[in-house]
Amino acid sequence: MNKVKRILALSLLCLVGAVLNASAEVYYANLSDYGLRPNKSINSRDHIGKRFRKALDAALKLRPSSADTLIVQLAPGDYYFASETPHPAPLYISNHDHSPVRYVGMSLDSLTNVVVDGQGSTLFFEAPAALPIAITHSDGCKLSNLSIDYPKPHILQAVVEANDTVEGEITLLLPDYADISIKGGKMTLKVDGVDVTPRVCIAFEENTGRVVYRTSDVGVSLDNPRKIGKHSVKVKWHNPALMVGTRLAMRTYARLCPAIFVDECADIALSDVNVHYAEGMGLLAQNSSDISLRCFKVMRSTRYPERMHTTQADATHFSGCRGKIKSVDGFYEGMMDDAINIHGTYLKITDIFADRRSISGAFMHDQSFGFKWAEIGDSVAVVRSKVMDYVGQPVVIETVDPLHDAEGVIRGYNLTLAEPLSPDIDIENEMYGIENLSATPEIYFAGNKVRNNRARGALFSSPRRTIVENNLFDHTSGTAILLCGDCNGWFESGACHDILIRNNRFINALTSLYQFTNAVISIYPEIPDLNGQQGYFHSGIEIRDNLFETFDMPILYAKSVNGLKFIGNKIEHNEDYAPYHPNDVMIRLERVTNVSIE
């Protein structure tokens, strides 16, 4: 077989979909012809990451033009990546812990019209520093038909072998790859020399994989440990809810790397990609436009079926993106946070200069900094943090200059605006944020299944058209859908002005309480001084023709909304769990106007 075959684009449209330009030609390369072959031995990783990029670069040279599509295929099988390929420059990844060095498995940097087809392969990575796939500064690229997994996840899943509620002692069976050390009455846990001693855990039912009723985040107690077997320990821990057989996903709160990172890209498509574990998000996309997910799955590992958990945080997360974000026919389960979260980032205004056209803004959250925030010509708006009211009219950016700290890291921006800011903005006495209205996407979330995860199902924070339809939210533990906005803590923008939630099915949400979980659908912008608010944060929200199957009362909670429709929804009560939620009202509205409930 030749290394590269030239074929007509029209014959491959069904394979590569919207990535292709039908007027261009398509080139095919099997990377096994370049020496990249699956390795069945976990002890012979053989620098797979470096070999992948070398093989890809060789195949790229045989394509006459970047306007043509290059389809590169992996031979089916297992690929084991060691942490051996550090990225040449730091990667600043939104909503993750910062690390000056990240080890990238597959680097897809500065590419155009490249399709990576895994042909059903599984890529295995070492925790914690590995960033499996980084797609950066690329256009028109697609990733398909592969899975990502870790043999030794830093979420340590323990099994409750015994629970003596009288003596307050629990016996835990720990993973066989965890090293147990007991000194001075304290226990530490390590994986390959890295400390992973947990601070909190999520309790999963043995048979269903659901989060145990009314457990939320369970504090871990490793006091007075006694080792009673090679991987079994007995600890002082009183918690009657942790029955024998319960699986405990024990966590450190670290968010080290997503499984897939997309940064400053356009027209990116992921189809039939499975993420079984990640040390952060399943997918983190930032500062990119037009991202399509089809049959993207964050799901329990098929190779390690005993695991109840998947990612350390959200399944998918989009920060400062544009164009259209689509997730269709996806499957999301066992995450330590939400299935999807789409938002921008507020900068805190730190300086307003004499002309009031020149301002400085700073990143505020310690997991969000260092990345591109705006472009010349973007439209921005100012929000008064304590009441979340917009001040003045949106204004266009004329210049954007990053502000660096002593180590050269971007911590904010100097902006020059086309018009002066309102004289009402007084940063000496109040906090104000600035929001990039241009870095906001349309959203289509349809036909997805979300189940058995911690915290919440789906979070949307975009002023553009958002459609959420034909999804199943099954035991999401907390709120199923959250519309938020926060310029006080998370600094995640912005308001929803045109959202349709229809034909979804919700099954027994709210079996535990977390932040913002006031009802099955919770419209909860963070507003410290709601009584002082003059306007309304959200608007144009329609919730229509959904089915709510619930054991408790709260269906809808809304705060600071102008224009809310709740029409044609069906509510079926069951006795699967005992009602307990402190919000005992089916529909609770706070500072909401122009409401239609039918």
Side-chain angles (χ1 to χ4, degrees), residues 147 149-150 153 155-160 200-218 241-243 245-251 259 274-278 281-283 295-317 327 329-341 445 447-459 468 471-482 504-517 520-522 547-552 574 576-577 580-581:
S147 298
D149 206 347
Y150 286 68
I155 291 179
L156 298 180
Q157 181 172 285
V159 180
V160 177
V200 71
C201 69
I202 300 298
F204 290 96
E205 294 177 352
E206 176 183 11
N207 296 321
T208 66
R210 298 168 183 161
V211 176
V212 175
Y213 170 68
R214 294 193 69 179
T215 51
S216 302
D217 290 344
V218 180
L242 306 182
M243 297 184 295
T246 300
R247 270 55 175 172
L248 302 179
M250 303 199 300
R251 312 164 57 211
N274 306 320
V275 175
H276 298 305
Y277 181 75
M281 314 289 186
L283 165 70
C295 297
F296 184 83
K297 301 180 182 69
V298 171
M299 59 185 292
R300 290 168 54 186
S301 176
T302 53
R303 200 68 60 95
Y304 306 100
E306 70 278 2
R307 290 188 202 159
M308 299 294 183
H309 61 83
T310 54
T311 57
Q312 281 274 17
D314 299 344
T316 66
H317 197 111
S327 173
D329 298 333
F331 182 75
Y332 306 108
E333 68 172 350
M335 307 83 66
M336 297 296 100
D337 262 312
D338 322 311
I340 188 169
N341 186 351
F445 188 76
N448 301 286
K449 185 175 184 178
V450 183
R451 72 176 188 183
N452 303 347
N453 66 294
R454 172 191 177 277
R456 295 156 297 265
L459 281 65
V468 184
N471 302 288
L472 172 64
F473 296 90
D474 181 4
H475 289 80
T476 53
S477 182
T479 285
I481 295 177
L482 172 63
N504 301 284
R505 183 183 178 193
F506 303 92
I507 303 176
N508 286 344
L510 301 173
T511 55
S512 287
L513 293 179
Y514 304 92
Q515 189 179 29
F516 310 126
T517 52
V520 177
I521 296 178
S522 185
L547 173 60
F548 297 85
E549 301 174 39
T550 180
F551 63 95
D552 215 329
N574 59 52
D576 293 349
Y577 304 94
Y580 78 97
H581 201 287

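Along the sequence shown, residues carry numbers from 1.
Looking at V212 and F204, their side chains never come closer than 4.5 Å, going by heavy atoms from C-beta outward. Looking at I521 and F506, their side chains come closer than 4.5 Å, going by heavy atoms from C-beta outward. Inter-residue side-chain proximity for L248 and L242 is flagged as met; some heavy-atom pair is nearer than 4.5 Å. Here the side chains of L510 and V520 are in contact, with some heavy-atom distance below 4.5 Å. The shortest distance between side-chain heavy atoms of E333 and N453 does not fall below 4.5 Å. Residues N452 and T208 form no side-chain contact, since every pair of their non-hydrogen atoms from C-beta on lies 4.5 Å or further apart. Contact check for P153 versus H309: side-chain heavy atoms found under the 4.5 Å cut-off. Counting only heavy atoms from C-beta outward, the side chains of T302 and H276 approach each other to under 4.5 Å.
Using modelled atom types, one side-chain atom of N504 and one backbone atom of V468 make a donor-acceptor pair closer than 3.5 Å. Listed for the Q157 side chain is a donor-acceptor partner under 3.5 Å among the backbone atoms of E306. Judged purely by atom type and a 3.5 angstrom limit, S522 has no side-chain atom pairing as donor or acceptor with the backbone of T517. The backbone N or O of A458 sits nowhere less than 3.5 Å from a side-chain atom of D338 that would complete a donor-acceptor pair. Without hydrogens or angle criteria, N274 side chain to M299 main chain gives no donor-acceptor distance under 3.5 Å. Looking only at distances, no side-chain donor or acceptor of T479 sits under 3.5 Å from a matching main-chain atom of G457. Judged by distance alone, with hydrogens and angles left aside, the side-chain atoms of N448 form a donor-acceptor pair with the main-chain N or O of G330 at under 3.5 Å.
The aromatic rings of Y332 and F296 are tilted relative to each other, their planes meeting at an angle between 30° and 60°.
Closest heavy-atom contact between A339 and T316: O-OG1, 2.8 Å. In this structure, G282 and A259 approach most closely via the heavy-atom pair O-CB, 3.2 Å.
Distance CG/N341 to CG/D314: 5.5 Å, rounded to 0.5 Å. Between T476 atom OG1 and M335 atom CE the span is 9.0 Å, to the nearest 0.5 Å. In this structure, the separation between OG on S512 and CG on D217 is 8.5 Å, given to the nearest 0.5 Å. How far OG of S477 is from CG of L513: 9.0 Å, rounded to the nearest 0.5 Å. The line from OG1 of T311 to CE of M281 is 8.5 Å long, rounded to the nearest 0.5 Å. With values rounded to the nearest 0.5 angstrom, L459 atom CG is found 9.5 Å from I340 atom CD1.
A side-chain contact (heavy atoms from CB on, under 4.5 Å) with I155 holds for exactly one of M308, M336, R307, M250; it is M336. Residue E205 is tested with R247, R210, M243 for a side-chain contact (heavy atoms from CB on, under 4.5 Å); the sole match is R210.
Less than 6.0 angstrom separates the ring centroid of Y580 from the ring centroid of Y213.
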Legend entry - side-chain contact (heavy atoms from CB on, under 4.5 Å) between V211 and I202, worked out: CA-CA 7 Å; V211 176; I202 300 298; 4.0 Å; yes
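Scanning for side-chain hydrogen bond (donor to acceptor under 3.5 Å, both in side chains) contacts around D337 gives R255, R454, R456, with sequence neighbours left out. Every side-chain hydrogen bond (donor to acceptor under 3.5 Å, both in side chains) that S301 has, sequence neighbours left out, goes to D149. Taking the side-chain hydrogen bond (donor to acceptor under 3.5 Å, both in side chains) definition, one finds that T215 meets it with nothing, sequence neighbours left out.
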